[in-house]
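Numbers restart at 1 for each chain; the letters A, B, ... are given by sequence-line order, proteins then strands. Here the structure is a predicted model, which is why all the values come from computation and not from measurement. All heavy atoms count here, side chains included; hydrogens, waters and symmetry mates do not.
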Amino acid sequence: MKIDKSLMSGSTTMLILKLLDSGDMYGYQMIEELELRSENVFTLKAGTLYPLLHTLEHQDMIESYEQVSDGVRPRKYYRITKLGKEFFQEKKTEWVTYTSIVNRVLGGLNYAFIQ
Amino acid sequence: MHSSSKHVQDFLQEVCKEIRFKSIHEHIIKELSGHIEDQKNDYIDQGFDEETANLKAVEQMGDPAIVGKQLDKTHRPRMEVSILSICAILVVLGGGIQFFLSGVNTNGIDNFSHFLQYAPIGIVAFVLMYFFDYTWLGRYSKFTYFVLLAITAVGFLISTEFNGRYTHVYYSTLLFIPAFAGIIYGFRNKGYLGIIFSSLFYAGAAFMCMKAPSYSSFALLTISCLIILTVAIVKGFFGRNRKLSLALVYVPTLLLTSVVAIFNTVILSHYRIGERITAFFNQGHDPLGSGYQIMLIRKLFFAAKPIGTVSLDGNVGNISIDRILPNWSTDSSLIYLIARLGYIPGMALVAIMIILIIRMFVSVLKQKNAYGFLVTFSACLAITGEIVLYVLSNTGIIAPMSLVLPFISLGAFGFIINMALLGLLLSVYRRTDLVKDRLPSQVKHYNHLSDKKSNQAE
């Protein structure tokens, strides 16, 4: 199922922070991981991802470091910071409240599961 | 290089064309080309030939112009507007004070024209430092230090003494402070030996201050270097045993200070520094001798009106203030201003200086990389140290010293060097997000990972 882009744009930051919350990753890995977890619904373009990552780094939500993995070449890994974790929790609560209200209005059946 | 990587290069070039901050290009190219490489390898695994894989990988990246524009928005060089505006206000005020006061005083007619000559040079020094890539200083910190040491030494030969002192040492001290930050950075991760070597570099500069002799330079240098070294130790630049490292710095410092203090007050009490220290502790003991200046400053300070010229009584009652304070345009500008115009204008000037200090420290705290932090901290300390010592000595709290009130008091060298220091501070701020080497405290989380990797590599 393809999802309207405008629905996704607001939550991309949250999704990236969620990914990094589960472990340090480099850019390409994030795109792959997001596709995997969303069953190919979320396909993030590199052109969207990197400006977003760099902005989050400026805001001290995430940090970067270089590390050689698979013995190929150094990759730029990103790691979530304490500030980023707090921000993620905030966003998540906001999101849960929002979606539960939308579901309630729509009378959706999923309401009970979101809690 | 594969012939097909031309697509990649074209793409990266298009992206970078949109990013105005040139210094970031290298990092972005590295990250994006790594991404394309990963994507390409995936396509090859899926059975595409290399050429097609490359093409598809580049296509997957999206429109290079849009990517570039997005990145450009994220990577604007940072400009600390508040520090810049405060500096501009101070320069204009400094010019105004020289203009206003040189017209009033018989001995200061040329002050303003002098200011007009050196102010543009100071602004050029600021701009040059602002666009200068400060990391160069980190790579050549020892070279910078020794050039500075040589210039100071030559200064003793070519400049003339002024009241038995060499004044040029004060200006080189201001530059020794950021140079010392570079030295510390060079000795990071060298443990206790690093601290000892750093201290030796301090000693070289301190020797120059002693040779001048310049009490104010020595105080400024020692306090600044101690603070920089302490912060570096606390931040873990010299390893984990912070307590022992601090002891290594402070035990000799305290011992040396007490020995020098005893030596000066007891044995060499006739010597100039000793005299000043004695005067500092018993200000009333000899009102016409060495304690005279501090008594006068206190008298002017406590007699000052909120707004307007002070009126003194007694034998100095009918002498104009610029006669009483012969160094009014340099060492005593603040107390002169307070006495001439009132303590409200004087304190307003001090308030602007305090705002500058706060803004500078805020910009220091925003620094993420280790060297940027040390450099900006040292420049900030040099300017702050000058202001603090100046205000203290001009309000009669400490003994009068030969000092510069940054951006305000008269003097080409003082003005130009302070402008350069502020330019350096803003140059670091400008590149906040660019330079890589992070502060050690931020590295420790993944130290174990990189340690493992380096072990494997060995």
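- Considering only residues two or more places apart in sequence or on other chains, B:Lys17 meets the salt bridge (charged side-chain N to carboxylate O under 4.0 Å, His left out) condition with B:Glu14.
- Of the two parts of B:Ile66, neither the backbone nor the side chain holds a non-hydrogen atom closer than 4.5 Å to a non-hydrogen atom of chain A.
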Requested in this report: Please test B:Ile28 against A:Tyr50 for side chain to side chain contact (heavy atoms under 4.5 Å, CB included), starting from the C-alpha separation and ending with a verdict.
Outcome: CA-CA 9 Å; B:Ile28 286 178; A:Tyr50 289 103; over 6 Å; no
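- Rounded to the nearest 0.5 angstrom, B:Met61 CE and A:Leu49 CG are separated by 9.0 Å.
- Applying side-chain contact (heavy atoms from CB on, under 4.5 Å) to B:Glu31 and the options A:Arg75, A:Glu66, A:His54 leaves one that passes, A:His54.
- The line from CD of B:Gln60 to OG1 of A:Thr43 is 8.0 Å long, rounded to the nearest 0.5 Å.
- Between B:His35 and A:Ala46, the shortest heavy-atom contact is NE2-CB, 3.7 Å.
- The distance from atom CD1 of A:Ile31 to atom CD of B:Gln39, rounded to the nearest 0.5 Å, is 7.0 Å.
- Within a 6.0 Å sphere centred on OH of B:Tyr140, heavy atoms belonging to other residues, nucleotides or ligands number 12 at most.
- More than 12 heavy atoms of other residues, nucleotides or ligands shown are found within 6.0 angstrom of CD on B:Gln46.
- When the ring-ring contact (aromatic ring centres under 6.0 Å, His included) test is applied to B:Tyr43, the partners found at least two apart in sequence or on another chain are B:Phe48.
- Proximity to chain B is absent for every atom of A:Tyr77, based on heavy atoms less than 4.5 angstrom apart.
- Environment of CD in B:Glu26: sparse, with no more than 12 heavy atoms of neighbouring residues, nucleotides or ligands closer than 6.0 Å.
- Defined by atom type and a distance below 3.5 Å, a donor-acceptor pair is present between the side-chain atoms of A:Tyr28 and B:Asp42.
- A:Pro51 approaches B:Val67 most closely through the heavy-atom pair CG-O, 4.5 Å.
- In this structure, chain B has a heavy atom under 4.5 Å from the side chain of A:Glu32, while its backbone stays farther away.
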